[in-house]
Amino acid sequence: MTDTPSSSSSGTRLSPKAETARAERAARQAAALRANLRRRKQQARSREEMEAEAPISQPDASSSPSGPDERTARQTSSAQNDPDNGDMPPCQ
């Protein structure tokens with residue numbers, strides 16, 4: 001699962017210095033991955049807390065019409081008051 005082959009599978013032996021450097025790199029990478037995972041989990045927890053605390057926004061029943069939305073209601077009411085609402089051509 002690693003990108004670099006292990007020393008036993010490649011058939012070559014690494015010098016003690018190279019082996020130490022490889023082990024240090026692997027340790028740094030593991031530490032960085034753990035820190036990243038810790039950070040991502042904390043972000044997920046914060047996001048879940050924010051969603052749980054935030055009220056679900058529901059439309060207020062008293063401010064909006066029970067049927068169509070306000071734009072449609074205004075268009076309908078203005079069309080009813082307008083004698084020439086486009087249903088029939090004007091008489092000439």
Side-chain angles (χ1 to χ4, degrees):
M1 187 161 155
T2 60
D3 290 340
T4 58
S6 65
S7 59
S8 62
S9 68
S10 66
T12 60
R13 293 191 54 123
L14 296 176
S15 69
K17 185 177 180 181
E19 183 63 33
T20 302
R22 187 199 61 78
E24 288 174 357
R25 278 193 308 274
R28 284 194 306 268
Q29 183 182 22
L33 290 170
R34 284 191 300 272
N36 187 27
L37 180 60
R38 195 176 313 120
R39 208 172 24 252
R40 289 175 49 204
K41 283 186 175 184
Q42 183 59 42
Q43 288 173 346
R45 285 186 205 110
S46 297
R47 196 170 27 251
E48 288 173 359
E49 288 174 4
M50 288 177 58
E51 289 174 357
E53 291 174 0
I56 299 173
S57 63
Q58 302 235 346
D60 187 13
S62 63
S63 66
S64 63
S66 60
D69 67 358
E70 289 183 35
R71 287 175 292 151
T72 306
R74 280 193 298 253
Q75 290 171 355
T76 304
S77 64
S78 65
Q80 290 172 349
N81 295 336
D82 187 9
D84 183 24
N85 61 8
D87 291 340
M88 295 176 37
C91 297
Q92 290 181 349

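All residue numbers refer to positions in the sequence shown, counting from 1.
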*Can you measure from CD (Gln29) to CZ (Arg25) and round to the nearest 0.5 angstrom?*
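These two atoms lie 10.0 Å from each other.
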*When rounded to the nearest 0.5 angstrom, what is the spacing between NZ in Lys41 and CZ in Arg39?*
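One finds 13.5 Å between NZ of Lys41 and CZ of Arg39.
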*Qualifying residues under side-chain hydrogen bond (donor to acceptor under 3.5 Å, both in side chains), relative to Arg45, sequence neighbours excluded*: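 Here the qualifying residues are Gln42.
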*Could you pull out all residues at least two apart from Ala18 that satisfy side-chain contact (heavy atoms from CB on, under 4.5 Å)?*
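Once residues adjacent in sequence are excluded, the partners of Ala18 under the side-chain contact (heavy atoms from CB on, under 4.5 Å) criterion are Leu14, Ser15.
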_For Glu24, side-chain contact (heavy atoms from CB on, under 4.5 Å) partners two or more places apart_ =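 Glu24: side-chain contact (heavy atoms from CB on, under 4.5 Å) contacts with Thr20, Arg28.
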*For the side chain to side chain contact (heavy atoms under 4.5 Å, CB included) test, which of Glu49, Glu51, Met50 pairs with Arg47?*
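Running side chain to side chain contact (heavy atoms under 4.5 Å, CB included) over Glu49, Glu51, Met50 with Arg47 returns exactly one hit, Glu51.
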